[in-house]
Amino acid sequence: MSYSPSEIENKWQKTWSETGAFEPLDDKNLDKKYILSMFPFPSGRLHMGHVRNYSIGDAMARYYRKQNYNVLHPIGWDAFGMPAENAAIKHGRHPKDWTYSNIAYMRKELKTLGLSFSETREFATCDELYTKWEQEFIIKMFEEKLLYRESTTVNWCEECHTVLANEQVEEGCCWRCDNEVELKEMPGYYLDIRKYADELLDDLKILEGKWPSQVLTMQSNWVGKSQGLEFNFKLSSASKEKLDNKFEEFEVFTTRPDTIYGVTYTALAPEHAIVKALIKNELLSTEVAEKITAMSNMTEVERAKAGKEGYDLGISVIHPLTGLEVPVWIANFVLASYGGGAVMSVPAHDERDFEFATQYDLPISYVIEGGEEGSAYTAEGILMNSAELDGVKNTEAKAAVIKLFEEKALGKGTTNYKLRNWGISRQRYWGAPIPFVHCDACGLVPEKVENLPIALPEDVEITGEGNPLENHPTWKHTACPKCGKDAVRETDTLDTFVQSSWYQFRYATHPDKWNSCGIDKEDVNYWLGVDQYIGGIEHAILHLLYARFFTKALRDVGFIDDLKEPFENLLTQGMVLMDGAKMSKSKGNTVDPDALIEKYGADTARLFTLFAAPPQKELEWNDSAVEGAFRFIKKLYDRKSKVTVNELPNIEQSSLTKEEKIARAKVYDALKKSVDVYEKTFAFNTLIAACMEALNALDKQDNELVWSEGLYIITHLLEPIIPHVCAELSEELFESKNLKGKIAILDEVFVQDTLTLGVAINGKRRAEIEVDAGAQKEDVIAMAKESVAKWLEDKNVVKEILVPKKMVNLVVK
RNA sequence: GCGGAUGUGGUGAAAUUGGUAUACACGCCAGACUUAGGAUCUGGUGCUUUACGGCGUGGAGGUUCGAGUCCUCUCAUCCGCACCA
């Protein structure tokens, strides 16, 4: 019978589902593996990126299951978010309806791929039961002062009608819709991720060698820790008077205290309080005031594009060491959100300050030897023009200056971070409601835990104008949980990244407990950390940083025991490309997984996906290479007629012909390779290639026992990759005995009677010789010389190098 | 600008510690079987040369008996961050 993928695949998918083959066991004494692929957003259909992601994860899960590990390999749905609402606006469908029907469809698609997911642990983050526990965490974090509400300038996306967290702004644009982000002052809820800045940074060390180094670097840069000096510039008495004595001084932060004597001016951000006061008191010309207002309406990216711009504010400060007056400027490149929104400027030793000083003709004073006129000198050197510090190395002067400031109580050494707190408010409908109530009497009050979940109202009109929760006639009106008087619910919903920050713990929690708790500590202690996490590099910062933080926060508020990092090992898979470009609907270069499976079957789709490139690299789609994968499976299936023994046969190695020995060696080569591939390198492409070589070699001989052994091992090795056809062959030929446990590697099969050695002259390969495996060195060298005799005429062999089992190199003169 | 990664046949890609460069597959060429083939099978296929040979892992040097692999410089592409003081 010829290979019929649909028949075989339907059969096995049914069997697996009926027998609960992929459900993790409750016995916590078993060795476990938690294999997790990032869960999908239920957009409606799977795309090839999903197929790749889940094929990789599934191969790992099946491999460990085969080795008798207790494997948790779950799937769920990252189900809240904008596209559901957009669909509602466009097609008038309710987001809930749209989401759950998409899930139903995609669940079926996943099933046709034969992925070994647990069926009992599946959930969607929009399930009210999931929302319930998440709201409890949020309330607890509020009580523990990890969550607060405040009004600040936020990133606003007009397209999405919502606020965005800092991490969700990419080059000034919305991460989701690419619309340009605006600034807006509004209240919102924040998680205090900055409190964990050091821990998030330090614990990256735990992940070294286990996460891709570029992800570690990106996270480290994102936290952006820097050490320096913080001190105040006191305003001159004239300047103080100008400002009605409302300001005494302002704070600056510098990482270059060694250049303190090179300060020739200071600069404030447009948002700085002193600037606002100057404008308010009409101390600046109308023209300048207008320019400054225009400046503060620009986003950071716009300011960067606009180039440097600044104005003399007509006030001055006193240099803390020299006592000299230093002018104060406003500059558009000074960031309000970092280090107090003010800087000391040392144009001689800072590129930005130099550019600004040159532009506005401000003095430049060199304090480190080695610089030259006309440019900023930012390298190391010896201090000069620095009073008592003259002659000191600038690298040493940093600490000295900090010490000096501390002794004179002028300032102190401090640490700054680029990381900003995580704004989790979204002015949207399709999200988890933030469980707070605004009461005129009591202020901001968390909802009572027994009232959770605060579910979304279903009778909403979604028009894209405003927040449907805000506009709903009754939903937001409630009683204050504290005093019982009329109060108003918070209508913001949570950033969807909150849901994906704890889902790894929800999967680990036994479904029997899902009603009674959000996360079960014992279960988490057993299953976490995730032994292998697989997903796209695009989450290098966003999701992975949030989830790491949330893990630490949940620990601190008591929902999990001590767990340093949620994801032990991370594999970032490459994108799936077509004609060198990312597959996307708008480009029309997509491959539909359903059609692919329909035509070739899931095994072919999986095989191609893992064969065409190593998982970490980009995968270039190639239709005819898919055909090739299909051909290989057909060939493998066809060779079942060669098998005559239903178990691993005993083979007398010495009785075999040369071809039989080669075939055996190739089969065992693949077996040997498999451990490394499945556990370390994940270079499935090379394992598949080794299996193809083995099958090619088996084809060159006709020994039934060698064939039986070969297929027994090959189907064992490939089962995690092409599970259906291997299950079918294994059942038919070997009573499925080869799909459990390990197969021992027999060293004897690698012993060949003869060896083929390359012969090189001065490192250049010239010939090839075949020698007995046990041949003596002299004999081998003699044969080698004979094989390259014509190259040795009129030459002296000055050195003979024999690389065992590989080659002979003759050095001649 | 800073940080990281990657450059190997026509294509996707292989290559323990430095040891026969291009495994495996796609494509292409030739042949077989076929009414036919976009099915299947067999053989060939780095470039160049009539041949002997020469040249070949982005480029230029270096270390070595021997370099895709190690070192120095350089070019290109991609990704991330982007005025963080």
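Naming: A, B, ... by sequence-line order, numbering from 1 per chain. Side chains included, hydrogens not; waters and symmetry mates left out as well; all remaining heavy atoms used. From a predicted model like this one, the values you see are computed outputs, not experimental measurements.
- Base engagement by A/Val334 is indicated by at least one non-hydrogen atom pair under 4.0 Å involving a base atom.
- Looking at A/Tyr600, A/Phe630, A/Trp621, A/Phe684 one by one, the single match for ring-ring contact (aromatic ring centres under 6.0 Å, His included) with A/Phe608 turns out to be A/Trp621.
- Atom P of nucleotide B/U40 and atom CD1 of A/Ile633 are separated by 14 Å, given to the nearest angstrom.
- Using a 4.0 Å heavy-atom distance criterion, A/Arg420 is classed as a base contact.
- For the P atom pair drawn from B/C70 and B/C83, the interatomic distance equals 35 Å after rounding to whole Å.
- To the nearest whole angstrom, the two P atoms, one in B/G7 and one in B/G58, are 8 Å apart.
- Across all strands, A/Lys634 comes closer than 4.0 Å only to sugar-phosphate atoms, never to a base (heavy-atom distances).
- Spacing between B/A25 and B/A14 at atom P, rounded to whole Å, works out to 15 Å.
- Taking atom CG of A/Leu810 as the reference point, atom C1' of B/U20 lies 14 Å away to the nearest angstrom.
- Nearest to the side-chain atoms of A/Tyr338 among the listed nucleotides B/G54, B/A85, B/G19 stands B/A85.
- The partner of B/A85 is absent, by the rule that a Watson-Crick or G-U pair needs both atom distances under 3.5 Å.
- For B/A13, there is no paired nucleotide, since no Watson-Crick or G-U wobble pair has both relevant distances below 3.5 Å.
- A donor atom on one side chain and an acceptor atom on the other are found under 3.5 Å apart for A/Ser226 and A/Tyr338.
- With a cut-off of 3.5 Å on both Watson-Crick or G-U wobble distances, the partner of B/G68 is given as none.
- In this structure, a donor-acceptor pair under 3.5 Å is absent between the side chains of A/Tyr668 and A/Asp747.
- With 3.5 Å as the limit, one finds no donor-acceptor pair spanning the side chains of A/Asn416 and A/Thr414.
- Taking only side-chain atoms of A/Glu693, from C-beta outward, the nucleotide of B/C24, B/G54, B/G80 with the closest atom is B/C24.
- Not a single donor-acceptor pair under 3.5 Å links the side chain of A/Asn685 to the backbone N or O of A/Ala613.
- Using N1 to N3 plus N6-O4 or O6-N4 for Watson-Crick, or N1-O2 and O6-N3 for G-U wobble, each under 3.5 Å, B/C2 pairs with B/G80.
- Within the 4.0 Å cut-off from OP1 or OP2 of B/U22, not a single side-chain nitrogen or oxygen of A/Arg765 is found.
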Protein proximity profile, nucleotides 3-17 of chain B - base contact B, sugar-phosphate-only contact S, no contact -, cut-off 4.0 Å on heavy atoms: SS-------BSS---

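- For the residue pair A/Asn394 / A/Glu380, no side-chain donor-acceptor distance below 3.5 Å is found, with atom types taken as modelled.
- Atom-to-atom, CD1 of A/Ile801 to P of B/U20 comes out at 13 Å; the value is rounded to the nearest Å.
- Remark: aromatic rings of A/Tyr265 and A/Phe356 are close, center separation under 6.0 Å.
- Of the candidate nucleotides B/C81, B/G80, B/U20, B/U20 has the atom lying nearest to any side-chain atom of A/Glu768.
- With distances taken from any side-chain atom of A/Lys799 to the nucleotides B/G27, B/C83, B/C65, the minimum falls on B/C65.
- Take the nearest nucleotide of RNA chain B for A/Lys599 and for A/Glu355: the residue whose nucleotide is more 5' is A/Lys599.
- Pair assignment for B/G56: none, as no Watson-Crick or G-U wobble contacts are both less than 3.5 Å.
- Cation-pi geometry between A/Lys672 and A/Phe750 is met: under 6.0 angstrom from the ring centre, within 45 degrees of the axis.
- Within 4.0 Å of A/Ser337, counting heavy atoms only, lies no atom of the nucleic acid at all.
- At the heavy-atom level, A/Asn696 lies under 4.0 Å from the strands shown only through sugar-phosphate atoms.
- The distance between the ring centers of A/Phe497 and A/Trp422 does not fall below 6.0 angstrom.
- Counting non-hydrogen atoms under 4.0 angstrom, A/Gly339 reaches nothing in the nucleic acid.
- Using a 4.0 Å heavy-atom cutoff across all strands shown, A/Val811 reaches sugar-phosphate atoms only and no base atom.
- Checking B/C26, B/A85, B/G19 against the side-chain heavy atoms of A/Asn809 singles out B/G19 as nearest.
- Pairing of B/A39, defined by two Watson-Crick or G-U wobble distances under 3.5 Å, is not identified with any nucleotide.
- Side-chain contact annotation: A/Asn762 with A/Lys799, donor-acceptor N/O pair under 3.5 Å absent.
- With both ends at atom C1', the span from B/A21 to B/C55 equals 14 Å, rounded to whole Å.
- Of the C1' atoms belonging to B/G10 and B/C28, the separation is 8 Å, rounded to the nearest Å.
- Summarising the geometry, the separation between CZ on A/Phe253 and C1' on B/A85 is reported as 8 Å, rounded to the nearest angstrom.
- Between the P atoms of B/C2 and B/U8, the separation comes to 26 Å (whole Å).
- Nearest nucleotide to the A/Leu335 side chain, out of B/A25, B/A85, B/C81: B/A85.
- Contact check for A/Phe333 versus A/Asp353: side-chain heavy atoms found under the 4.5 Å cut-off.
- Residue A/Ala304 places its side chain closer to B/C83 than to any other of B/C83, B/C65, B/A85.
- The distance from atom CD1 of A/Ile537 to atom P of B/C81 is 11 Å, rounded to the nearest whole Å.
- B/G9 has its base syn relative to the sugar, with a glycosidic angle deviating from 0 by at most 90°.
- Atom CD1 in A/Ile721 sits roughly 18 Å away from atom P in B/C24 (whole-Å rounding).
- When the nucleotides B/C81, B/A21, B/A85 are ranked by their closest atom to the side chain of A/Val343, B/A85 comes out on top.
- Counting non-hydrogen atoms under 4.0 angstrom, A/Arg631 reaches the backbone sugars and phosphates but no base.
- In this structure B/C28 sits in a base pair with B/G44, meeting the Watson-Crick or G-U test at under 3.5 Å.
- Residues A/Leu757 and A/Ala629 each lie close to RNA chain B; by heavy-atom proximity, the contact nearer the 5' end of the strand is made by A/Leu757.
- Using Watson-Crick or G-U wobble geometry with both donor-acceptor distances under 3.5 Å, B/A21 finds no partner in any strand shown.
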